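Only one structure is covered here, and it is reproduced in the block below.
Letters go in sequence order (proteins before strands), and every chain restarts at 1. Fair warning: this is a prediction, and the values are worked out from it, not measured in the lab.
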Amino acid sequence: MNLVEIGNDIIIKDLTDFNLAQTLECGQCFRFSKLQDNKYILTAKNKLLIIEQIEDELIFYDTSLNDFNHIWKDYFDLDTDYKEIKDYLIVKDSIMEDVIKSGSGIRILGQDFVEALISFIISQNKQIPQIKQVIEHLCTKYGALLQQYNGINYYSFPTIDQLKTLTEEDFKECKAGFRAKYLVDACANLSSGSIKEKELLELTSPEILDKLCTIKGVGVKVSNCVLLYGLKRKEAFPIDVWIKRVMENLYFKEETKLEILQSYAKEKFGDYGGYAQQYLFYYSRT
DNA sequence: CTCCAGGTCGTTG
DNA sequence: CAACGACATGGA
């Protein structure tokens, strides 16, 4: 990796297979906003980051080398060879060539486990702009103030210690609607230790999926999102309405049951299912 | 006003 | 066990 420090900024040069806008706007994360073309402000891992891509350079503004090495390199999946992943997918399935072309700079972000779980419980039966709103309400009310930028306060995602005190009414005030009781149950599971990230990491993906599905309001789709975005299980293949539609159009040409789609993806994309899913999602939305 | 949205639950046949 | 409506909220 070609890294340069200039003042308080860190610049990564000669990037390949990376597009910041695609990565942030492909629906995997919710806590970011666009400052200008290819320049974003985002909060993750208890930090505020201003980041810009100019051609094949990525600029991390006001970022220490320590934060880059320990947080952002991993968050943006910069050590993964996406060329190899794309080649694998295209060899397995020629249809993927066009699909990947549409979002060829997507990276899968390494998000916080609790944030991914809470966010994707909120996501059910909601549109992305509204998901973002509910999450922002939650963070503004219960997160810690990180920093002010251009007169706007930016907050961290609440910790489980903060979340565990919230009632169903508190979540409803954040406009979570009928999901409020699900969020309470998720937080109870997390704070009681009945679900612990460290213990999940020891399990196989199917075992984690079963465990997550014991939370009220968490089904197969949300669990797979948590596996992929919050626990780095790159074989996870979450199937939502968009993925269902695009797979039916590209591969089946007719209505197809979830189980069929799921096993098809497993056979076709294997350990790289998560990447395939992300390319498919982006393709189907553009 | 009606319809529907990154799903899941509880209830029916 | 497959099918179906309910569920809060807000935007089209």
Side-chain angles (χ1 to χ4, degrees), chain A residues 22-32 99 102-103 106 108-109 111-141 157 166-189 195 208-231 233-234 236-250 254-263 265 273-286:
Chain A
Q22 288 174 1
T23 297
L24 293 176
E25 313 225 21
C26 69
Q28 59 181 320
C29 65
F30 303 102
R31 303 206 60 213
F32 66 90
V99 173
S102 77
I106 290 172
I108 299 208
L109 299 173
Q111 300 182 61
D112 178 72
F113 164 68
V114 172
E115 178 170 343
L117 176 58
I118 299 298
S119 296
F120 282 95
I121 290 173
I122 291 168
S123 78
Q124 63 182 254
N125 206 238
K126 260 192 183 307
Q127 298 176 120
I128 290 177
Q130 297 174 34
I131 300 167
K132 289 174 107 173
Q133 272 185 22
V134 176
I135 294 172
E136 281 323 296
H137 281 131
L138 196 59
C139 295
T140 304
K141 272 191 128 167
F157 198 90
L166 305 193
T167 64
E168 193 173 329
E169 289 311 308
D170 294 331
F171 285 118
K172 280 194 171 165
E173 279 178 26
C174 296
K175 308 297 179 189
F178 66 86
R179 306 156 197 80
K181 54 182 178 293
Y182 301 156
L183 294 168
V184 171
D185 190 53
C187 294
N189 273 282
I195 290 182
I208 300 174
L209 193 123
D210 284 345
K211 185 94 180 165
L212 290 174
C213 283
T214 63
I215 301 170
K216 273 269 174 285
V218 175
V220 172
K221 191 271 173 180
V222 169
S223 293
N224 272 306
C225 285
V226 177
L227 275 172
L228 179 58
Y229 304 127
L231 294 169
R233 297 295 172 110
K234 301 300 172 57
F237 191 89
I239 301 179
D240 59 32
V241 287
W242 295 90
I243 296 295
K244 183 169 188 298
R245 268 202 291 267
V246 74
M247 286 182 78
E248 285 166 349
N249 286 334
L250 292 176
E254 60 179 357
E255 280 266 327
T256 309
K257 288 184 187 305
L258 280 179
E259 293 74 20
I260 308 283
L261 297 174
Q262 201 86 64
S263 59
Y275 301 103
Q277 187 267 3
Q278 207 57 48
Y279 292 127
L280 284 164
F281 185 79
Y282 191 86
Y283 175 83
S284 76
R285 303 258 307 179
T286 52

Considering residues at least two apart in sequence or located in another chain, which fulfil the salt bridge (Lys or Arg N to Asp or Glu O under 4.0 Å) criterion with A:E259? none
A:D170: side chain to side chain donor-acceptor pair (under 3.5 Å) partners, not counting sequence neighbours: A:T167
Which donor-acceptor pairs under 3.5 Å do side chains of residues 214-229 of chain A form with protein atoms, sequence neighbours excluded?
unit_1 : atom_1 : unit_2 : atom_2 : d
A:T214 : OG1    : A:K211 : O      : 2.6
A:S223 : OG     : A:G219 : O      : 2.9
A:N224 : ND2    : A:V220 : O      : 3.1
A:Y229 : OH     : A:Q278 : OE1    : 2.6

Checking all strands, does A:F171 fall into the base, sugar-phosphate, or nothing category for heavy-atom contacts under 4.0 angstrom? nothing
Under the side-chain contact (heavy atoms from CB on, under 4.5 Å) test, which residues partner A:A265, sequence neighbours left out? A:F237, A:M247, A:F269
Can you give the first and last nucleotides of DNA chain C, 5' to 3', that have an atom under 4.0 Å from a heavy atom of chain A? C:dA3 to C:dG11
Partner set under salt bridge (Lys or Arg N to Asp or Glu O under 4.0 Å) for A:K172, not counting sequence neighbours: A:E168
By the 4.0 Å heavy-atom rule, please label A:Q277 as base, sugar-phosphate, or nothing. base
Whole-Å P distance, B:dT8 and C:dG10: 22 Å
When we call it a touch if two heavy atoms are under 4.0 Å apart, what does A:K257 touch: a base, just sugar-phosphate, or nothing? sugar-phosphate
Sugar-phosphate atoms are those with a prime plus P, OP1 and OP2; base atoms are the rest. Using that split, label each nucleotide of nucleotides 8-13 of chain B B, S or - for protein heavy atoms under 4.0 Å, 5' to 3'. SSS---
May I ask you to check whether A:F157 and A:F30 place their ring centers less than 6.0 Å from one another? no
Pairs touching residues 115-136 of chain A that satisfy salt bridge (Lys or Arg N to Asp or Glu O under 4.0 Å), sequence neighbours left out: A:R31-A:E136
Side chain to side chain donor-acceptor pair (under 3.5 Å) against A:Q133, all qualifying residues, sequence neighbours excluded: none
Using a 4.0 Å heavy-atom cut-off across all strands, classify A:Q28 as base, sugar-phosphate, or nothing. base
